[in-house]
There are 2 protein chains.
Amino acid sequence: MTRTVFEKSDVIPLVTEVFRELGYEGASLSKITARTRLSKGSLYYFFPGGKEQMVAEILAHIDQWFINNIFEPLEKNEPRAAIDHMWREVDAYFQSGQRICLLGAFAMDGTRDRFDTVIRQYFMRWIEALSTALVRTGVSKETADQISEETVAGIQGGLVVSRALNDDSFFERTLARLAQRLSTYHYLN
Amino acid sequence: MTRTVFEKSDVIPLVTEVFRELGYEGASLSKITARTRLSKGSLYYFFPGGKEQMVAEILAHIDQWFINNIFEPLEKNEPRAAIDHMWREVDAYFQSGQRICLLGAFAMDGTRDRFDTVIRQYFMRWIEALSTALVRTGVSKETADQISEETVAGIQGGLVVSRALNDDSFFERTLARLAQRLSTYHYLN
DNA sequence: GTCTATACAGTGATAGAC
DNA sequence: GTCTATCACTGTATAGAC
């Protein structure tokens with residue numbers, strides 16, 4: 001009889017996948033226990049606040065990952081390199097479209113109201129960080145804002161349609177087109 | 001004491017709004033009865049198959065609306081006029097971003113598996129209908145497919161981010177940019 | 001075609017043993 | 001830090017009166 005002992009940092013990725021697959025309301029405690037192999041007791045040990053706390057911590061965790069791996073590089077590093085880096089990270093993170101964006105998905109249903117602030121901040125910072133990088137390549141603020149909005153929305157749309165069609169190649173093509181278009185702006189400068 | 005008597009065609013739009021706001025799992029029968037002012041008894045009279053049947057009929061209804069108002073015009077009418085018409089209808093239908101796309105939202109969670117076929121067909125037909133119209137303006141098949149994928153994904157992404165930011169103007173800007181970009185293709189021909 | 005009453009499974013959450 | 005047992009409540013669905 002094996003007994004696995006976890007700490008919270010092990011648990012979060014496990015629970016995250018369940019919410020990603022089933023959504024906030026769809027991820028019932030029994031579904032979560034079944035898929036994580038953790039009992040309700042253990043779950044409430046880590047998250048005394050229940051589902052709401054789980055998701056709050058999951059979203060904070062995802063947000064932090066994007067800050068570290070995408071937003072801050074865009075804000076601070078050499079902009080063209082940071083943009084290239086963003087495309088690689090985005091493709092890897094979303095597993096070529098097989099993984100959805102939890103913050104985007106939660107924006108679409110009643111869950112949004114609960115996690116309003118994190119969701120808004122995440123998208124605002126992504127758009128602003130990308131715009132900042134573009135401005136540093138010499139693109140005008142107005143153009144940079146426009147193309148950043150278009151790019152971030154394009155990624156989300158790619159995830160939606162790719163999943164709707166059940167076709168990973170759709171997401172790949174979308175990323176390639178967006179990256180191509182973005183580069184036509186910053187290569188000019 | 002007033003008593004309102006409905007037929008199914010009256011009920012579907014009412015129920016649709018509830019699923020749009022709350023998602024499949026979030027829209028419990030008690031939430032639906034509260035918001036539509038119809039009792040469970042009445043609901044099961046119209047939809048003996050329960051929630052699953054409700055959503056199946058809702059999605060079929062939405063799909064049919066898009067076929068009549070957007071897809072068939074794109075496939076049959078003068079292409080540039082049909083594309084202009086599409087932009088107006090899309091903006092009106094999604095109420096400038098305040099209304100989400102149910103088929104897109106359902107693609108993002110566990111609901112997708114239940115309504116797999118309708119969801120896939122809807123997006124495939126939209127992309128193909130738009131591509132067909134573009135080809136008829138003289139754009140090459142390859143370019144038309146590309147720009148159609150980009151446009152449909154862009155609309156979905158606009159809805160996601162607009163709602164995430166809680167900012168209708170984001171959706172409006174997204175539509176304007178996509179329409180502008182699309183026109184640069186078919187105006188050339 | 002409307003409704004209320006009811007069944008009973010599944011829900012989030014807690015207590016307490018190990 | 002793990003678990004099972006149990007709680008009150010909400011979930012979907014049905015029956016039957018009007």
Side-chain angles (χ1 to χ4, degrees), chain A residues 1-59 61 102 105-106 109-115, chain B residues 1-59 61 102 105-106 109-115:
Chain A
M1 176 62 189
T2 55
R3 204 180 88 107
T4 315
V5 177
F6 287 102
E7 35 182 277
K8 205 187 240 183
S9 58
D10 303 318
V11 175
I12 288 187
L14 256 46
V15 180
T16 301
E17 280 319 300
V18 185
F19 283 99
R20 225 187 271 276
E21 281 177 42
L22 303 173
Y24 186 81
E25 301 291 347
S28 66
L29 272 283
S30 61
K31 293 254 179 64
I32 299 170
T33 57
R35 300 192 187 210
T36 62
R37 313 290 298 155
L38 276 156
S39 67
K40 290 184 187 180
S42 294
L43 252 11
Y44 275 91
Y45 170 78
F46 289 117
F47 308 101
K51 276 173 72 168
E52 181 134 9
Q53 187 184 347
M54 286 180 210
V55 171
E57 295 200 22
I58 285 169
L59 295 184
H61 193 259
L102 248 198
F106 284 175
D109 59 44
T111 315
R112 186 193 55 170
D113 303 340
R114 285 175 199 246
F115 306 105
Chain B
M1 174 64 188
T2 55
R3 205 181 86 108
T4 316
V5 176
F6 287 102
E7 38 183 275
K8 205 187 239 184
S9 58
D10 303 317
V11 175
I12 288 187
L14 256 45
V15 180
T16 302
E17 282 316 301
V18 186
F19 283 100
R20 225 189 268 278
E21 282 177 41
L22 303 173
Y24 186 81
E25 301 290 347
S28 65
L29 285 226
S30 60
K31 293 253 177 63
I32 297 170
T33 57
R35 300 192 186 209
T36 61
R37 314 289 302 157
L38 277 156
S39 67
K40 291 182 189 183
S42 295
L43 254 9
Y44 275 92
Y45 170 79
F46 290 117
F47 309 100
K51 275 174 71 169
E52 182 133 10
Q53 188 185 346
M54 288 180 209
V55 171
E57 295 200 23
I58 285 169
L59 296 184
H61 193 260
L102 248 199
F106 284 175
D109 59 44
T111 314
R112 186 193 53 170
D113 302 341
R114 286 176 199 245
F115 306 105

Shortest non-hydrogen contact from B:L102 to B:F19? CD2-O, 3.9 Å

Checking contacts here: which listed nucleotide (C:dT2, D:dT12, C:dG12) is nearest the side-chain heavy atoms of B:F6? C:dT2

State whether B:S30 places a side-chain N or O below 4.0 Å from either non-bridging phosphate oxygen (OP1 or OP2) of D:dT10. no

Gap between atoms CD1 and C1', on A:I32 and C:dA13 respectively (whole Å): 13 Å

Without decimals, in angstroms, what is the distance between B:F47 CZ and C:dG1 P? 12 Å

Could you give the OH-to-C1' distance, from B:Y45 to D:dG16, as a whole number of Å? 15 Å

Between CZ of B:R114 and C1' of D:dT12 the distance, given in whole Å, is 11 Å

Closest approach of A:A27 to A:V18 (non-hydrogen atoms, all atoms of both residues): CB-CG1, 4.2 Å

Quick one: is B:S28 getting a side-chain N or O under 4.0 Å of the D:dG11 phosphate, OP1 or OP2? yes

Please pick, from C:dG1, D:dT4, D:dG1, the nucleotide with the shortest atom-to-atom distance to any side-chain atom of A:F46. D:dG1

When you measure from the side chain of B:L38, which nucleotide among D:dT2, D:dC3, C:dC3 comes out closest? C:dC3

A:L29 CG to D:dG11 P, in whole Å, measures 15 Å

With nearest nucleotide decided by heavy atoms, which residue, B:L43 or A:G26, maps closer to the 5′ end of DNA chain C? B:L43

Considering only NZ, NE, NH1 and NH2 on the basic side and carboxylate oxygens on the acidic side, decide whether B:K31 and B:E21 come within less than 4.0 Å. no

Going from CD on B:Q53 to CZ on B:F46, what distance comes out if it is rounded to the nearest 0.5 angstrom? 11.5 Å

Should B:Y44 be listed as having a side-chain N or O under 4.0 Å from OP1 or OP2 of D:dA13? yes

In whole angstrom, what separates A:L22's CG from C:dG10's P? 16 Å

With a 4.0 Å cut-off on N to O distance, would you call A:R35 and A:E17 a salt bridge? no

Can you tell me how far P of D:dG11 sits from NZ of B:K31, to the nearest Å? 6 Å

C:dC3 phosphate, OP1 or OP2: any side-chain N/O from B:K40 under 4.0 angstrom? no

Rounding to an integer number of Å, can you tell me how far A:Q53 CD sits from C:dG12 P? 15 Å

Sugar-phosphate only, base, or nothing, as touched by B:G41 at under 4.0 Å among non-hydrogen atoms: base

Can you tell me if the side-chain N/O atoms of A:S42 get under 4.0 Å from OP1 or OP2 in D:dC3? yes

